[in-house]
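A short write-up of the structure that comes next.
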Amino acid sequence: MLESIYPSLTNSEQRVARTVLDDLEGALFYTITDLAEKANVGETTVIRLCRKLGFKGYQEFKLAVVQNISSPTKQIHDEIQEDDSLIQIAEKLGNINTQTIQNTTALLDEERLQRTIDELVNARKIYFFGVGSSGITVESAKYRFMRMGFNVEAATDAHIIAMNAAVAGKGDVVVGISVSGSTKDLVDAVRIAKQGGATIICLTHYARSPITQYADVVLLGSSRENPLQGGAFSSKMAQIHILDIICTALSIQHRDKVYNMLQKTARSVSDKLY
């Protein structure tokens, strides 16, 4: 694919192609920003190359790459082998998930965590935005913060996200959750909310992804996904781990307010259980 078109590419496009060809498996985990920086070109050059190859965008290009470099099992499950027993699969996944949480913890910055807690506890309203698999995470976050008595909204539909972003303003906090940090619907929304005066917190796995350009606070998780692994449970664990730390620390630091609300919300559903 790249080799056949290589001679007809411009010098800058050839640098992008060579960067990919020199490390095909590693390139699967590059964001468009990562690849552009490694090739020492602009992001528009990467997009131009993708379109010359007949792809609509960078993500579609990566999907084509992953489908041509390894077996289906390797593409989807990485370290899992086709002849592994169920116990071996369980043990490998246990090790992967444990390592994900440990790596995520190692990336956390105490000052950023504290600012996140301070911004959330003083927010007029909290908006959690996320699409696809990350949309499931934002729904969980909304539930947890609602139980603690916060004025909170979660949006997972692109149109609803856009409208919420348009009305968010000074005193509001928008938490954008995206593994790649490159989801256009989310990046556009946080940009609009930022322009409206809202504080932006982003939870992503790529420090130099597009969403971080608009963030007041960046929280990093650790888990890699290639295009066929979108929505991997390990990525979800990293997201939930960070949110659990924030909620737990917030509950301790503001225990009187939070405890009273936890009692109220618990009583409100107490008759729903046998």
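Applying the ring pair (Phe, Tyr, Trp, His ring centres under 6.0 Å) rule to Phe128 yields the partners Phe145; only residues at least two apart in sequence or on another chain are considered. Partners of Tyr214 according to the ring pair (Phe, Tyr, Trp, His ring centres under 6.0 Å) rule, which considers only residues two or more places apart in sequence or in another chain, do not exist here. Residues passing the salt bridge (charged side-chain N to carboxylate O under 4.0 Å, His left out) test with Asp109, sequence neighbours excluded: none. A search for side chain to side chain contact (heavy atoms under 4.5 Å, CB included) contacts involving Met146 returns Lys142, Val152, not counting sequence neighbours.
A distance of 8.0 Å separates NZ of Lys92 from CD1 of Ile96, quoted to the nearest 0.5 Å. To the nearest 0.5 angstrom, Ile117 atom CD1 is 9.0 Å from Cys247 atom SG. Of the inter-residue distances, the one linking Glu110 atom CD with Leu113 atom CG reads 7.5 Å to the nearest 0.5 angstrom. Atoms OG1 and CD, on Thr116 and Glu111 in that order, are 10.5 Å from each other to the nearest 0.5 Å. Here the CE atom belonging to Met261 is positioned 9.0 Å from the OG atom belonging to Ser268, to the nearest 0.5 angstrom. Between Ser85 atom OG and Glu91 atom CD the span is 7.0 Å, to the nearest 0.5 Å.
Within a 6.0 Å radius of NZ in Lys38, other residues, nucleotides and ligands contribute 12 heavy atoms or fewer. Within 6.0 Å of atom NZ in Lys52, more than 12 heavy atoms from other residues, nucleotides or ligands are found, so the atom counts as buried in its surroundings. Counting non-hydrogen atoms of other residues, nucleotides and ligands closer than 6.0 Å to CZ of Arg124 gives a total above 12. Heavy-atom contacts from other residues, nucleotides or ligands closer than 6.0 Å to CZ of Arg255 number 12 or fewer.
Checking side-chain atoms of Thr104 against main-chain N and O of Ser222 turns up a donor-acceptor pair under 3.5 Å. Under a 3.5 Å cut-off, the side chain of Ser209 and the backbone N or O of Ser182 do not form any donor-acceptor pair. Arg112 contributes a side-chain N or O that, together with a main-chain N or O of Val218, makes up a donor-acceptor pair within less than 3.5 Å. The backbone N or O of Arg208 lies less than 3.5 Å from a partner atom in the side chain of Thr33, making a donor-acceptor pair. Put simply, the side chain of Asn122 gets close to the backbone of Asp118: a donor and an acceptor are under 3.5 Å apart. Although no hydrogens or angles enter the test, the distance criterion places no donor-acceptor pair under 3.5 Å between the side chain of Thr45 and the main chain of Glu13. In this structure, Thr265 contributes its side chain and Leu262 its backbone to a donor-acceptor pair below 3.5 Å.
By the rule that hydrophobic residues join a cluster once side-chain heavy atoms approach within less than 4.5 Å of another member, Val175 and Leu108 end up as members of one cluster. Placement of Ile177 and Val187 in two distinct hydrophobic clusters is found when ILVMFWY residues are connected by side-chain heavy-atom separations under 4.5 Å, directly or transitively. Transitive grouping of hydrophobic side chains (ILVMFWY, heavy atoms separated by less than 4.5 Å) keeps Leu219 and Ile211 in distinct clusters. Note on Val173: it clusters hydrophobically with Val217, by side-chain heavy-atom contacts below 4.5 Å among ILVMFWY residues.
When every heavy atom of Lys236 is checked against every heavy atom of Ser134, the shortest pair comes out as NZ-N, 4.1 Å. In plain terms, the two heavy atoms of Ala198 and Val174 that are nearest each other are CB-CG2, 4.2 Å. Nearest heavy-atom pair, Ile242 versus Leu220, reported as atom, atom and distance to 0.1 Å: CD1-O, 3.6 Å. The two residues Ala165 and Phe129 have their closest heavy-atom pair at N-CZ, 3.8 Å.
Using a 4.5 Å heavy-atom threshold, the side chains of Arg144 and Leu243 count as separate. Proximity of Asn97 to Ile101: side-chain heavy atoms (C-beta onward) are nowhere separated by under 4.5 Å. Within the 4.5 Å cutoff, the side chain of Glu60 has no heavy atoms near those of the Cys50 side chain. Counting heavy atoms from C-beta on, the side chains of Ile160 and Thr156 never come closer than 4.5 Å. Here the side chains of Leu49 and Phe61 are not in contact, with every heavy-atom distance at 4.5 Å or above. The shortest side-chain heavy-atom distance between Asn151 and Ile126 does not fall under the 4.5 Å cut-off. The side-chain heavy atoms of Asn11 and Gln14, taken from C-beta on, include a pair separated by under 4.5 Å. Asp216 has its side chain within reach of Arg115: a pair of non-hydrogen atoms, C-beta onward, lies under 4.5 Å apart.
Between the side chains of Asn95 and Gln99, no donor-acceptor pair of N or O atoms lies under 3.5 Å. Using modelled atom types, one finds no donor on one side chain facing an acceptor on the other under 3.5 Å when comparing Gln88 with Gln81.
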### Message
Let's go through Tyr127 and Val167 carefully: what are the C-alpha distance in whole Å and the side-chain angles of both, what is the deciding distance for side chain to side chain contact (heavy atoms under 4.5 Å, CB included) to 0.1 Å, and is it a yes or a no?
### Response
CA-CA 11 Å; Tyr127 295 91; Val167 300; 3.9 Å; yes
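Members clustered with Tyr259: none, using a 4.5 Å side-chain heavy-atom cutoff among hydrophobic residues. When hydrophobic residues (I, L, V, M, F, W, Y) are linked wherever their side-chain heavy atoms come within less than 4.5 Å, Ile87 remains an isolated member.
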